[in-house]
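Chain letters run A, B, ... following the sequence lines, proteins first and then strands; every chain starts at 1.
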Number of protein chains: 2
Amino acid sequence: MAAPLTEAAIQQVRQLVVDGELVSGQRLPPEAELAESLGMSRSTVREAVRALVTLRVLDVKRGDGTYVTSLRPELLLAGIGAAADLLQNEFTLELVQVRRILEPAATAMAARQITDAELSDLEACLHQMSVASSHEELVEYDEQFHHIVATAAGNATLASMLTGVSSRTTRGRAWRGVIETSATARTMAQHAEILAALRARDPKLAEAAALMHVSTTEAWFRTVLGAAGR
Amino acid sequence: MAAPLTEAAIQQVRQLVVDGELVSGQRLPPEAELAESLGMSRSTVREAVRALVTLRVLDVKRGDGTYVTSLRPELLLAGIGAAADLLQNEFTLELVQVRRILEPAATAMAARQITDAELSDLEACLHQMSVASSHEELVEYDEQFHHIVATAAGNATLASMLTGVSSRTTRGRAWRGVIETSATARTMAQHAEILAALRARDPKLAEAAALMHVSTTEAWFRTVLGAAGR
DNA sequence: ATGACTTCAAACGTCTGATGTCTAGCTTTT
DNA sequence: AAAAGCTAGACATCAGACGTTTGAAGTCAT
C-alpha cells in the first residue's frame with residue numbers, strides 16, 4: 001500500500017496531544033529530534049508540523065521552538081470562518097440559516113448575564129456605526145457589535161462558531177444590500193432594539209430582536225440569490 | 001521584518017480559489033511550476049499545499065497532480081469535528097450546549113421535508129441499536145441516526161456543523177454514561193420518539209423530542225463534570 | 001549589585017538536488 | 001477490441017547546507 005508518512009506523522013503528534021502527553025503550552029522536541037524519533041526526515045516532519053499549525057494545534061516560534069497552543073475554542077474553531085469564505089454562493093443561504101438558529105439563541109443567553117461594561121461597549125459600537133463614514137467602518141463595528149453579544153453569552157465555543165458563520169465577506173455583502181435598499185436606518189434600529197432587550201435582561205425579547213435582525217439579512221440574500229444567482 | 005514565505009504562499013493560493021481563478025475540480029500546475037511562478041522553492045510550496053490539503057481546499061493525488069476539492073460544506077467544515085476532539089474537558093459542556101441549540105432546530109427542519117426512504121433508514125438504525133452487542137456498535141448506529149436526521153434537514157452546512165459538535169469521543173462518553181446509569185431503555189425510547197415525530201411530520205413535536213434527548217445528555221455531563229471534573 | 005550591551009549556541013526557515021514510487025495514458029500484444 | 005506491459009510526468013521522501021531569528025549566558029561600565 002501507499003506510505004503517507006506525513007499523514008501518519010500528523011496523526012501521531014495529534015494523538016500525543018489528545019492523550020495528554022503533550023499539554024497546552026508545552027514545547028515539542030526540536031524538528032531534528034522529532035524526525036529521528038519518528039523515523040523520518042526533517043522535511044516530512046515539517047510538513048506535519050505545518051498541518052498542525054494550520055489547525056491551530058501547534059504554534060511555531062522561529063528561532064525558539066514549537067509549542068502546543070492553548071487549544072481554546074477560539075483558536076481551534078477559527079477555521080470555520082476561513083471555511084465560510086471559501087464556500088460557494090450556493091451555500092450562502094445555508095450559512096445565514098445557521099446564523100438564524102445560533103444568533104437568537106446566543107442573544108437570549110447573553111440577556112441573562114451580560115455585564116454593564118459589555119452593555120456600554122455595545123452602545124459605543126452602535127454610536128460608531130451611526131457616524132461611520134465608510135462601508136468598511138460600518139462592517140467593522142457591526143462585526144464588533146455581534147461579537148460582543150456572542151461573547152456575552154458566556155459560551156466560547158458557541159461564540160466562535162457564530163463568529164465563524166458570520167464571516168466578513170458575508171457580512172460585507174449583507175451591508176451592501178442594506179445600503180442599496182436604503183434600509184440603513186431600519187438596520188440601525190434593529191441593533192438598537194437588540195441592545196435595548198439586552199439592557200432589559202429580557203431573554204425572550206432579545207431572542208426575538210435577534211431573529212428579526214437575521215431574518216432581514218436572510219430575506220435580502222433570498223432575493224439577490226433567487227434573482228441573479230441562478 | 002520576518003519572511004513567512006510559506007504563509008504567503010498559502011494565502012496566495014487560497015486567494016486564487018476565492019477569486020475564482022481556480023475552480024472546483026481544477027488541476028493546479030505541478031509543484032515545480034508553482035514554485036517558480038511564486039518565486040520560492042519546492043519545499044516551501046509543498047508546505048503550503050500541505051496546509052491547504054489539511055483545510056480540505058486542495059486534494060493531492062500522488063503520481064497525478066493536485067486538484068481543487070469540491071469545496072462543499074461537508075469537506076470544509078469537517079475540521080470542526082477534529083477540533084472538537086481536541087477541546088479540553090472544560091469545554092465539553094459548551095459543545096453540548098451548542099448541540100442543544102442546533103439539534104432541535106435541525107430536527108424540526110427535517111420534520112418538514114424528510115423522505116420516506118430516510119424514515120426507513122432511521123427505523124433500520126433504531127433496530128440495529130436495539131440489537132447492538134457492543135458499545136462501539138451502539139455508538140456507531142447512534143451516530144448514523146443523528147446524521148440522517150441532520151442531513152434530512154436539507155442544509156448541508158448545518159448538518160456538517162451539527163455532526164462536528166457531536167464528535168465521536170463526546171458521543172462515546174455520553175453512551176458510557178447512559179449505560180452506567182441504566183438509562184439505555186430510556187435513551188432508546190427517546191430515539192423512537194424523535195422518529196415518531198418525524199414520521200408525523202410534526203416540526204414542533206420533533207423539536208421538543210430532540211431537545212429532550214440532548215438535554216438528557218447535557219444533564220449527564222453536568223453531573224460528571226461537576227463532580228469529578230474539578 | 002544593576003542595567004545595558006555583546007556574543008553565541010540552538011532552532012526554525014528556505015533552498016538545492018537526488019532518488020523512490022505512483023498514476024494515467026499510450027503502446028503493444030493477443 | 002480487450003488485456004497486458006511500458007513510459008513520461010508528478011508527487012513523496014530524503015539528505016545536507018546555509019541563512020535568520022531568538023533567548024540566554026556572559027561581559028562591562030556605572
Side-chain angles (χ1 to χ4, degrees), chain A residues 1-17 21-71 75 78, chain B residues 1-17 21-71 75 78:
Chain A
M1 89 162 236
L5 257 188
T6 301
E7 208 60 37
I10 295 175
Q11 292 311 320
Q12 285 184 54
V13 176
R14 190 175 181 282
Q15 200 57 44
L16 289 180
V17 176
E21 297 195 35
L22 287 177
V23 300
S24 184
Q26 187 172 341
R27 175 178 171 165
L28 270 70
E31 291 173 351
E33 280 183 38
L34 251 183
E36 191 173 7
S37 76
L38 292 179
M40 58 189 68
S41 76
R42 196 180 149 216
S43 327
T44 306
V45 168
R46 276 186 61 79
E47 285 189 22
V49 168
R50 169 58 62 183
L52 290 168
V53 167
T54 302
L55 295 176
R56 313 287 197 120
V57 173
L58 299 181
D59 186 26
V60 177
K61 297 174 70 173
R62 184 175 180 175
D64 182 5
T66 304
Y67 298 82
V68 179
T69 67
S70 66
L71 299 179
L75 279 180
Chain B
M1 89 163 237
L5 256 189
T6 301
E7 208 59 37
I10 295 175
Q11 292 311 321
Q12 284 184 55
V13 176
R14 188 174 182 283
Q15 199 58 43
L16 289 180
V17 177
E21 297 194 36
L22 287 177
V23 300
S24 184
Q26 187 172 341
R27 175 176 170 164
L28 269 71
E31 291 174 349
E33 281 183 37
L34 250 184
E36 189 173 10
S37 76
L38 292 178
M40 59 188 69
S41 76
R42 277 163 233 135
S43 332
T44 306
V45 168
R46 277 187 59 79
E47 285 189 21
V49 168
R50 169 60 61 183
L52 290 168
V53 167
T54 302
L55 295 176
R56 312 287 197 121
V57 174
L58 298 182
D59 184 27
V60 177
K61 297 175 71 173
R62 184 173 180 177
D64 183 5
T66 304
Y67 298 81
V68 179
T69 68
S70 67
L71 299 179
L75 278 180

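- A side-chain donor-acceptor contact under 3.5 Å links A/T69 to the backbone of A/R56.
- For the pair A/E33 (side chain) and A/P30 (backbone), a donor-acceptor distance under 3.5 Å is absent.
- In this structure, A/R50 places its CZ atom 18 Å from C1' of D/dA12, rounding to the nearest Å.
- Side chains of A/L52 and A/I10 form a contact here, defined as non-hydrogen atoms less than 4.5 Å apart.
- Here the options are B/L58, B/V57, B/V53, the test is side chain to side chain contact (heavy atoms under 4.5 Å, CB included), and the partner is B/L55; only B/V57 passes.
- Rounding to whole angstrom units, CG of residue A/D59 and C1' of C/dA11 are separated by 14 Å.
- Across the protein-nucleic acid pair, B/E47 atom CD and C/dC12 atom P stand 12 Å apart, rounded to whole Å.
- Residue-to-nucleotide proximity on DNA chain D shows that, of A/E7 and A/D64, the 5′-proximal contact is made by A/E7.
- Protein atom NZ of A/K61 is 12 Å distant from nucleotide atom P of C/dC12, rounded to whole Å.
- Formation of a donor-acceptor pair under 3.5 Å by the B/R27 side chain with backbone atoms of B/D64 is found in this model.
- Residue contacts for A/R27: at a heavy-atom cut-off of 4.0 Å it reaches the sugar-phosphate backbone alone, with no base atom in range.
- The nucleotide whose nearest atom lies closest to any side-chain atom of B/R46 is, among D/dT22, D/dC11, C/dT14, D/dC11.
- Between the two ends of the helix from C/dA1-D/dT30 to C/dT30-D/dA1, each summarised by a five-pair axis, the helix axis turns through 0° (rounded to 10 degrees).
- At least one side-chain nitrogen or oxygen of B/T66 sits closer than 4.0 Å to the OP1 or OP2 atom of D/dC11.
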Produce the list of close N/O pairs, under 3.5 Å, pairing protein atoms with atoms of nucleotides 15-21 of chain C; give distances to one decimal.
unit_1: C/dC15; atom_1: OP2; unit_2: B/S41; atom_2: N; d: 2.9
unit_1: C/dC15; atom_1: OP2; unit_2: B/S41; atom_2: OG; d: 2.8
unit_1: C/dC15; atom_1: OP2; unit_2: B/T44; atom_2: OG1; d: 2.6

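- Between A/L34 atom CG and C/dC12 atom C1' there is a gap of 13 Å when expressed in whole angstrom units.
- For D/dT13, one of the phosphate oxygens OP1 or OP2 lies less than 4.0 angstrom from a side-chain nitrogen or oxygen of A/T6.
- As rounded to whole Å, 13 Å separates atom P of C/dA11 from atom CD of A/E36.
- Of the possible polar contacts, none joining the A/R62 side chain to the B/P4 backbone as a donor-acceptor pair under 3.5 Å is found.
- When each of A/E47, A/R50, A/R46 is tested with B/R46 by the rule side chain to side chain contact (heavy atoms under 4.5 Å, CB included), just one qualifies, namely A/E47.
- As rounded to whole Å, 17 Å separates atom C1' of D/dA12 from atom CG of A/L38.
- The separation between A/L58 atom CG and C/dG13 atom P is 12 Å, rounded to whole Å.
- Between A/T66 and A/D59, every side-chain heavy-atom pair lies at or beyond the 4.5 Å cut-off.
- Here B/R42 does not pair with B/E31 in a salt bridge; the nearest charged N to carboxylate O distance is not below 4.0 Å.
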